[in-house]
Amino acid sequence: MSHSEFEIISRYFDQQGLAFESDSVVLGIGDDGAVLDIPPTQQLVMSMDVLVSGVHFPQGAEAGLIASRALAVNLSDLAAMAAKPFCFTLGLSLPEPNDSWLEEFSKGLIPLAQEYQCPLVGGDTARGPLTISIQVHGLVDRAGAKRRGAAQVGDLVFVTGTLGDAAIALLALDQQSHLGPGFKIEESAWSEPCERFFLERFYQPSPRIDFALAGAQHINACIDISDGLLGDLGHIIKASGVGAELQLENIPYSASAQCCTSMTNRRLAALRGGDDYELCFTASPEKLEALMDCAKKFALPLSHIGEIVEGNDISCFEGEQLLADATGTSFDHFGKEHA
Ligand code: ADP
Ligand code: MG
């Protein structure tokens with residue numbers, strides 16, 4: 001390792017707010033590997049997300065925003081497993097060391113690391129195209145991790161927060177959307193506060209850790225929504241060997257989405273957009289009240305949007321009416337098609 005790399009690590013990454021001490025970190029940044037104490041009754045959950053410049057965030061995006069997004073999407077995976085954040089590692093490839101970029105980037109990691117008491121314990125730094133790889137580690141009680149394959153026929157389907165906002169943010173960022181040329185904002189309703197809201201939803205998604213940990217005992221199957229509701233609920237039904245019925249009118253939208261997009265477009269954003277990082281989960285009907293109470297405690301909107309049924313695909317209803325084509329694409333055998 002060159003002198004400058006050593007300096008980068010000690011100045012920006014091995015800093016108090018980020019690589020902070022915890023009872024479990026026996027040895028953090030600085031040796032050939034980190035050493036951690038894992039409580040004997042718990043299991044380690046590991047998850048990794050790689051963010052590539054120009055693919056997962058716009059080239060030239062602010063370093064601090066890239067950092068918070070990279071850590072948030074990783075923590076969201078821990079939320080989906082109902083795992084308590086434990087620590088993380090960072091693989092950073094960057095074109096050339098730039099002090100102000102590194103300063104902003106490392107600062108951008110601190111708030112979430114602090115909020116979830118998830119210290120940085122190691123990583124690797126290399127020269128190359130800007131790519132951020134984060135691996136988060138979490139803890140669950142033995143056999144306590146939430147899996148995609150645990151949905152039961154008769155379960156209710158829930159989502160946290162509001163859907164579609166991040167897909168709409170891509171329009172504000174002038175990024176190409178895979179949702180087609182008809183996917184657009186209503187220019188006349190667009191305002192600066194709306195734009196700010198959407199960008200925040202894209203760059204600073206809130207990992208639903210607190211709710212997932214508090215509600216875990218009531219939840220059967222769980223996933224975080226990174227590829228649109230249909231795709232991710234599709235993973236749950238496939239893994240569980242069941243089908244699902246959705247009531248589209250119960251999908252939750254933000255006030256900004258309601259003001260800036262047509263019904264068709266915000267539905268498209270929720271069903272087939274991406275990057276929402278809300279949780280989609282199933283639970284038996286008698287847990288509804290406990291889950292609603294739990295969500296309320298965290299001031300988190302929670303919506304009951306459907307039901308798990310026998311079968312192998314997702315049917316979308318509006319009221320009593322079965323929609324064959326709710327977003328311009330057939331839902332027929334959706335579960336199979338997207339498996
Ligand atoms: P080695 O040559 O033994 O692989 P490195 O030179 O890659 O070690 O890293 C030295 C120390 O700095 C290690 O403890 C490593 O985990 C840590 N480290 C390197 N890059 C990062 C980074 N981007 N973030 C956090 N820790 C890092
Ligand atoms: Mg190394």
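All of these numbers come straight from a predicted model, not from anything done at the bench. The analysis underlying the following values was restricted to heavy atoms, covering all of them including side chains, and did not include hydrogens, waters or symmetry mates. For ligands, and for the atoms within them, numbers begin at 1 and follow the listed sequence.
- Per-residue contacts place Leu90 under 4.0 angstrom from the following atoms of ligand 1 (heavy atoms of the residue considered): 22 (C), 23 (N), 24 (N).
- Residue Ile29 has at least one heavy-atom neighbour below 4.0 Å for each of these atoms of ligand 1: 12 (O), 14 (O), 17 (C), 25 (C), 26 (N).
- Using bins of under 30°, 30° to 60° and over 60° for the plane-to-plane angle, the ring pair His304/Phe158 lands in the tilted bin.
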For salt bridge (charged side-chain N to carboxylate O under 4.0 Å, His left out), just list the numbers for Glu62 and Arg69, CA-CA rounded to whole Å, side-chain angles, deciding distance to a tenth of an Å, and then say yes or no.
CA-CA 11 Å; Glu62 281 173 45; Arg69 176 166 154 78; over 6 Å; no
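- The two atoms that bring Gly33 and Leu27 nearest to each other are O-CD2, 4.0 Å, heavy atoms only.
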Could you pull out every donor-acceptor pair under 3.5 Å between side chains of residues 129-142 and any protein atom, sequence neighbours left out?
{"residue": "Thr131", "atom": "OG1", "partner": "Pro129", "partner atom": "O", "Å": "3.2"}
{"residue": "Asp141", "atom": "OD1", "partner": "Gln42", "partner atom": "NE2", "Å": "3.2"}
{"residue": "Arg142", "atom": "NH2", "partner": "Pro40", "partner atom": "O", "Å": "3.1"}

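- Ligand 1 places these atoms under 4.0 Å from at least one heavy atom of Asp32: 3 (O).
- Distances below 4.0 Å separate heavy atoms of Phe13 from the following atoms of ligand 1: 22 (C), 23 (N), 24 (N), 25 (C).
- The shortest N or O to N or O distance between Gly30 and ligand 1 is under 3.5 Å.
- For ligand 1, the atoms lying closer than 4.0 Å to a non-hydrogen atom of Asp31 are 13 (C), 14 (O).
- Residue contact check: Thr125 has heavy atoms under 4.0 Å from atoms 19 (C), 20 (N), 21 (C), 22 (C), 23 (N) of ligand 1.
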Residues 212-221, side-chain donor-acceptor partners within the protein, below 3.5 Å, at least two apart:
{"residue": "Asn220", "atom": "ND2", "partner": "Asp155", "partner atom": "OD1", "Å": "3.2"}
{"residue": "Asn220", "atom": "ND2", "partner": "Asp155", "partner atom": "OD2", "Å": "2.9"}

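- When heavy-atom distances to ligand 1 are checked against a 4.0 Å cut-off, Ile9 comes that close only through its side chain, counted from C-beta outward.
- Checked against the 6.0 Å centroid threshold, Phe281 and Phe211 count as a close aromatic pair.
- Considering every non-hydrogen atom in both Asn74 and Ser47, the closest pair reads OD1-O, 3.7 Å.
- Ligand 1 has an N or O atom lying under 3.5 Å from an N or O atom of Gly123, backbone or side chain.
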